[in-house]
Asks: 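I'd like to ask you about the structure that follows.
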Amino acid sequence: MPLIESRHSNLQCVPCQEPGRPIQIDQLRRVRKPVSRSKSGVQGKVADVIHGRSRHAESQNELKAFQILVATAHADSWQEQPFTLEYHHEGAKHRYTPDILVSWGVRQDVVEIKDDHEAALPETQARFALISALLAGHGYHFRIWRRSEIWAEPRLTNANLILRYRRVPVSPPDRERVRRAFACTPACTLGTLCAISKTAVPSVLRLVIEGALHIDWWAPLSLESHVGVTPVGRQTWPCLPAGIAPMPREDVRCH
């Protein structure tokens, strides 16, 4: 397995670019196979139609986290269990495999999913403080994504509702009518947008999954929900970091 080395640690990933170069997430595979049902009480898959693949979750927390990522993050790319970090601490060799690696432009976040009580343990905080510093040496940001954050409402309910429409096709005429609807205003309600663009609600919500349109994830979804071409409402991770432009993709344009 190829290595990417820094002064105090190295990363193992499959496949990998030349040593010292940033990892291209869309070229990575899991460093280990998903845990089978015989070894885990919970396992599931999330269809990520934007990136054309299924995401394998090994717990309910991961399953909900992946649903949030697919629906709301608009990430350029992301990968489950992307690499293994090997390091030495207090005379012993350690290995750490993160749950997710998420990329927006040049920003790459390494994410560990944890129950709140486990994340609050002093030994957990000490371990991940060390891991965060080591990953910074490789150019990555680190965060713990707690269960309470993943399951927070109404975002989770909104995400699951919108994901029902992830396979809805959006025709070029629908995209053009939506684009024209926003020609004179940066935002309007979902009901108003559908009325003036003559576009069905499922098609509009499919554009939200693509990142061409945005809603306020922290308000219950209805025909009165605000829809815009730029982020709407409170911005909470995972979301496009301020000052970071997403990579252009032909399939997420309204026009």
Side-chain angles (χ1 to χ4, degrees), residues 1-14 16-17 19-25 28-32 34-35 40 42 55-69 72-73 75-152 155-156 234-244:
M1 187 178 296
L3 301 180
I4 298 179
E5 298 182 355
S6 74
R7 182 177 177 183
H8 302 293
S9 62
N10 64 70
L11 301 180
Q12 294 186 338
C13 51
V14 183
C16 182
Q17 287 74 44
R21 295 186 60 187
I23 295 174
Q24 300 299 314
I25 301 178
L28 290 179
R29 299 193 301 270
R30 278 178 173 262
V31 294
R32 66 187 185 198
V35 176
S40 175
V42 178
R55 307 291 184 169
H56 297 256
E58 297 181 351
S59 69
Q60 279 290 342
N61 287 343
E62 282 194 3
L63 186 66
K64 301 304 181 185
F66 293 176
Q67 291 167 350
I68 294 292
L69 279 167
T72 76
D76 296 323
S77 56
W78 61 282
Q79 173 62 46
E80 322 94 279
Q81 298 182 357
F83 55 75
T84 296
L85 176 73
E86 290 189 345
Y87 62 97
H88 287 81
H89 180 60
E90 295 181 344
K93 185 177 181 179
H94 300 269
R95 293 168 59 90
Y96 166 66
T97 301
D99 292 316
I100 320 170
L101 176 60
V102 186
S103 172
W104 294 274
V106 298
R107 170 86 182 204
Q108 296 192 344
D109 286 0
V110 173
V111 184
E112 178 69 20
I113 295 171
K114 278 280 180 279
D115 283 322
D116 289 57
H117 72 276
E118 187 175 356
L121 295 173
E123 55 267 32
T124 300
Q125 295 179 357
R127 180 186 180 221
F128 286 124
L130 173 61
I131 287 172
S132 178
L134 293 171
L135 288 170
H138 294 277
Y140 302 110
H141 301 267
F142 177 81
R143 70 164 51 242
I144 296 177
W145 199 7
R146 292 168 174 79
R147 176 188 171 90
S148 60
E149 298 170 323
I150 296 167
W151 290 70
R155 181 178 65 179
L156 181 59
R234 175 162 60 100
Q235 300 302 297
T236 305
W237 200 94
C239 61
L240 188 67
I244 299 295

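None of these values were measured; they are calculated from a predicted model. Just so you know, these numbers use all the heavy atoms, side chains as well, and skip hydrogens, waters and symmetry mates. Throughout, residue positions are numbered sequentially from 1 according to the sequence presented.
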Asks: So, taking the atom named NE2 in H94 and the one named CG in L85, what distance separates them when rounded to the nearest 0.5 Å?
Replies: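 That separation rounds to 11.0 Å.
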Asks: Run D109 and W237 through side chain to side chain donor-acceptor pair (under 3.5 Å) and show every step you take.
Replies: CA-CA 10 Å; D109 286 0; W237 200 94; 2.9 Å; yes
Asks: What residues form a side chain to side chain contact (heavy atoms under 4.5 Å, CB included) with T124, not counting sequence neighbours?
Replies: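 Counting only residues at least two positions away or on another chain, T124 forms a side chain to side chain contact (heavy atoms under 4.5 Å, CB included) with E118, L121, F128.
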Asks: Establish, yes or no, whether the cationic atom of R147 lies under 6.0 Å from the six-membered ring centre of W151 and within 45° of the ring axis.
Replies: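 Geometry flag: set, cation within 6.0 Å and 45°.
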Asks: At their closest point, which heavy atom of P82 faces which heavy atom of P98, and how far apart are they?
Replies: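 Shortest heavy-atom separation between P82 and P98 comes out as CD-O, 3.7 Å.
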Asks: Would you say that Y87 contacts I131 through its side chain, given a criterion of any heavy-atom pair below 4.5 Å between the two side chains?
Replies: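 Heavy-atom side-chain distance check passes, below 4.5 Å.
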Asks: Between atom CD1 of I144 and atom CG of D115, what is the distance when rounded to the nearest 0.5 Å?
Replies: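 Output value for this atom pair is 12.0 Å.
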Asks: Could you grab the distance from atom NE2 of H138 to atom CG of L134, nearest 0.5 Å is fine?
Replies: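 H138 NE2 to L134 CG: 7.0 Å, rounded to 0.5 Å.
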Asks: My understanding is that only residues two or more places apart in sequence, or in another chain, count here; which of them pass side chain to side chain donor-acceptor pair (under 3.5 Å) with K114?
Replies: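 K114: side chain to side chain donor-acceptor pair (under 3.5 Å) contacts with E112.
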Asks: Could you report the tightest heavy-atom contact between Q125 and A119, atom names first, then the distance?
Replies: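 So the minimum-distance heavy-atom pair works out to CG-O, 3.4 Å.
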Asks: Out of curiosity, L135 CG to Y96 OH, how far, rounded to the nearest 0.5 Å?
Replies: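 Those atoms lie 7.0 Å apart.
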Asks: Please tell me if the side chains of W104 and P238 come closer than 4.5 Å, counting only heavy atoms from C-beta onward.
Replies: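 Counting from C-beta outward, W104 and P238 do come under 4.5 Å.
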Asks: Which is it for Q81 and E58 under the side chain to side chain contact (heavy atoms under 4.5 Å, CB included) test, yes or no, and what are the steps along the way?
Replies: CA-CA 11 Å; Q81 298 182 357; E58 297 181 351; 3.5 Å; yes
Asks: With R155, which residues qualify under side chain to side chain donor-acceptor pair (under 3.5 Å), at least two apart?
Replies: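 Expected list: none.
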Asks: Mind checking what makes salt bridge (charged side-chain N to carboxylate O under 4.0 Å, His left out) contact with E149, not counting sequence neighbours?
Replies: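 Counting only residues at least two positions away or on another chain, E149 forms no salt bridge (charged side-chain N to carboxylate O under 4.0 Å, His left out).
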Asks: Indicate yes or no: at least one non-hydrogen side-chain atom of R55 is less than 4.5 angstrom from one of L69.
Replies: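 The answer is no, as the side chains (C-beta and beyond) never meet within the 4.5 Å cut-off.
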Asks: For residues I113 and D99, report the shortest heavy-atom separation together with the two atoms involved.
Replies: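 Answer, listing the atom of I113 first, then D99: N-OD2, 2.7 Å.
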Asks: For a quick test of reading the model, state the closest non-hydrogen atom pair linking W78 to I100 and the distance between them.
Replies: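 Heavy-atom minimum between the residues: CE3-CG2, 3.6 Å.
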Asks: Can you list the residues that meet the ring pair (Phe, Tyr, Trp, His ring centres under 6.0 Å) rule with H141, with sequence neighbours excluded?
Replies: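 Once residues adjacent in sequence are excluded, H141 has no partner under the ring pair (Phe, Tyr, Trp, His ring centres under 6.0 Å) criterion.
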Asks: Just verifying a value: how many Å separate Q235 CD and T72 OG1, rounded to the nearest 0.5 Å?
Replies: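 Those atoms lie 9.5 Å apart.
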Asks: Who are the side chain to side chain donor-acceptor pair (under 3.5 Å) partners of R234, not counting sequence neighbours?
Replies: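 R234: side chain to side chain donor-acceptor pair (under 3.5 Å) contacts with T236.
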Asks: To the closest 0.5 Å, what do you measure between OG (S59) and CZ (F66)?
Replies: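 Atom-to-atom, S59:OG and F66:CZ are 8.0 Å apart.
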Asks: Testing the basics here: between L101 and Q108, what is the closest heavy-atom pair and its distance to 0.1 Å?
Replies: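 Shortest heavy-atom contact: CD1-CB, 4.2 Å.
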Asks: Does some side-chain heavy atom of N61 sit less than 4.5 Å from a side-chain heavy atom of W145?
Replies: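 No, too far: nothing below the 4.5 Å cut-off.
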